[in-house]
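Chain A is the first sequence line, chain B the second, and so forth, proteins listed ahead of strands; every chain is numbered from 1. This one's a predicted model, so the numbers in the text were calculated from it and none came from an experiment.
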Protein chains: 2
Amino acid sequence: METTREPLRADMFGHSDCAAGVQPFRFGDKWSGRVLRCLEQGPRRFSELRIPLHTVTPKVLTETLRAMERKGFVSRTAYDENPPRVEYRLTALGRSAIEPMNAACAWTAEHLPELLAAREGAGGAEGP
Amino acid sequence: METTREPLRADMFGHSDCAAGVQPFRFGDKWSGRVLRCLEQGPRRFSELRIPLHTVTPKVLTETLRAMERKGFVSRTAYDENPPRVEYRLTALGRSAIEPMNAACAWTAEHLPELLAAREGAGGAEGP
DNA sequence: CTGCATCCGATCCGATACTG
DNA sequence: CAGTATCGGATCGGATGCAG
């Protein structure tokens, strides 16, 4: 799952070794996964998304949303009102992506202890 | 599933909206997923990994491996021989991560058409 | 309200060259 | 063989300010 140009190939030639096969799709960025989670519960406006994603700046949220739109995960609907209103919602593709994300979340939850332990070892805090 | 410092929290407070719950773990980088695939088939030496991952440079492969080691996904064994030999293998955590990755791969394969279509729309090639 | 423009530091990652 | 050192381009993403 890459955002760059090469991956996503559906290799079928059996290279004697690994690295053949589809690379799993991934949003290469920080916020797309969370946006997917938010939109899972229904259409949301720009400012509604900013609340649960409370540290995202509007610029980055816009970029994220635009990218997800390009990739076909969300659709954008602007209503011609004043003040302006824009709604984002998941496409069928976006909704379908929730399942594998749930699998990843389940795995993560299950292995949280190990995952967190690794971070302490690296982070470097040792004694007071 | 983040590499940065904040995610991986196991939120349990029910924020009224999304963005609560574990964020799925993810390697934030280009090569870790592929390395996981390669090591799935058994221990591999540094130079053996470079073959299927044929475009990776030694510097980047080293960084990737070191990061995966820190995170607890692979273990490194150096044999005191000449010429030197080093083997990398998956830890139990690393092996367990294959399952959700397979789920992601299956989803990707299933939706390849849509995923590829989005890339053309963006890439910009239009007419001959 | 929903953005876009600009600046700027942090990462990522490829190329190239060198070492124990 | 298994790396390390250095450089530079590309991207990410936060801060701030302005606009329709």
Can you check the [X] [atom1] to [N] [atom2] distance for me, whole Å?
X        : N       : atom1 : atom2 : answer
Asp29(B) : dC12(D) : CG    : P     : 14 Å
Leu65(A) : dG13(D) : CG    : P     : 14 Å
Ile51(A) : dC1(C)  : CD1   : C1'   : 12 Å
Arg44(B) : dA2(D)  : CZ    : C1'   : 17 Å
Tyr79(B) : dG3(D)  : OH    : P     : 13 Å
Leu61(B) : dC13(C) : CG    : P     : 12 Å
Trp31(A) : dT11(D) : CH2   : C1'   : 17 Å
Glu69(B) : dG3(D)  : CD    : C1'   : 13 Å

Exercise for review: Give, for atom CD of Glu63(A) and atom CG of Asp29(A), the distance between the pair rounded to the nearest 0.5 Å.
Suggested key: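 Spacing of CD (Glu63(A)) from CG (Asp29(A)) equals 9.5 Å.
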Exercise for review: Hey, could you give me the CZ/CG distance between Arg34(A) and Leu53(A), rounded to the nearest 0.5 Å?
Suggested key: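 It comes to 7.0 Å.
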Practice item. State, to 0.1 Å, how close Arg89(A) and Pro43(A) come at their nearest heavy-atom pair, and which atoms those are. Key: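 Arg89(A) and Pro43(A) have their closest heavy atoms at NH1-CG, 3.6 Å.
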**Study point:** Closest heavy-atom pair and its distance - Arg95(A), Leu90(A)
**Key:**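 Smallest heavy-atom distance, with atoms named: NH1-O, 3.1 Å.
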Could you run down the sub-3.5 Å N/O contacts of the protein with nucleotides 2-6 of chain C?
unit_1 : atom_1 : unit_2   : atom_2 : d
dT2(C) : OP1    : Arg45(A) : NE     : 3.2
dT2(C) : OP1    : Arg45(A) : NH2    : 3.3
dT2(C) : OP2    : Ser47(A) : N      : 2.9
dT2(C) : OP2    : Ser47(A) : OG     : 2.5
dG3(C) : OP1    : Arg66(A) : NH2    : 3.4
dG3(C) : OP1    : Arg76(A) : NH2    : 2.5
dG3(C) : OP2    : Tyr88(A) : OH     : 2.6
dC4(C) : OP1    : Arg66(A) : NH2    : 2.9

Practice item. With Trp31(B) as reference, evaluate Thr64(B), Leu65(B), Leu61(B) under the side-chain contact (heavy atoms from CB on, under 4.5 Å) test and give the passing residue. Key: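 Of the listed residues Thr64(B), Leu65(B), Leu61(B), the side-chain contact (heavy atoms from CB on, under 4.5 Å) partner of Trp31(B) is Thr64(B).
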Review point. Taking the side chain as C-beta and beyond, is there a heavy-atom pair between Cys105(B) and Arg37(B) under 4.5 Å?
Key: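 Yes; the side chains approach each other to less than 4.5 Å.
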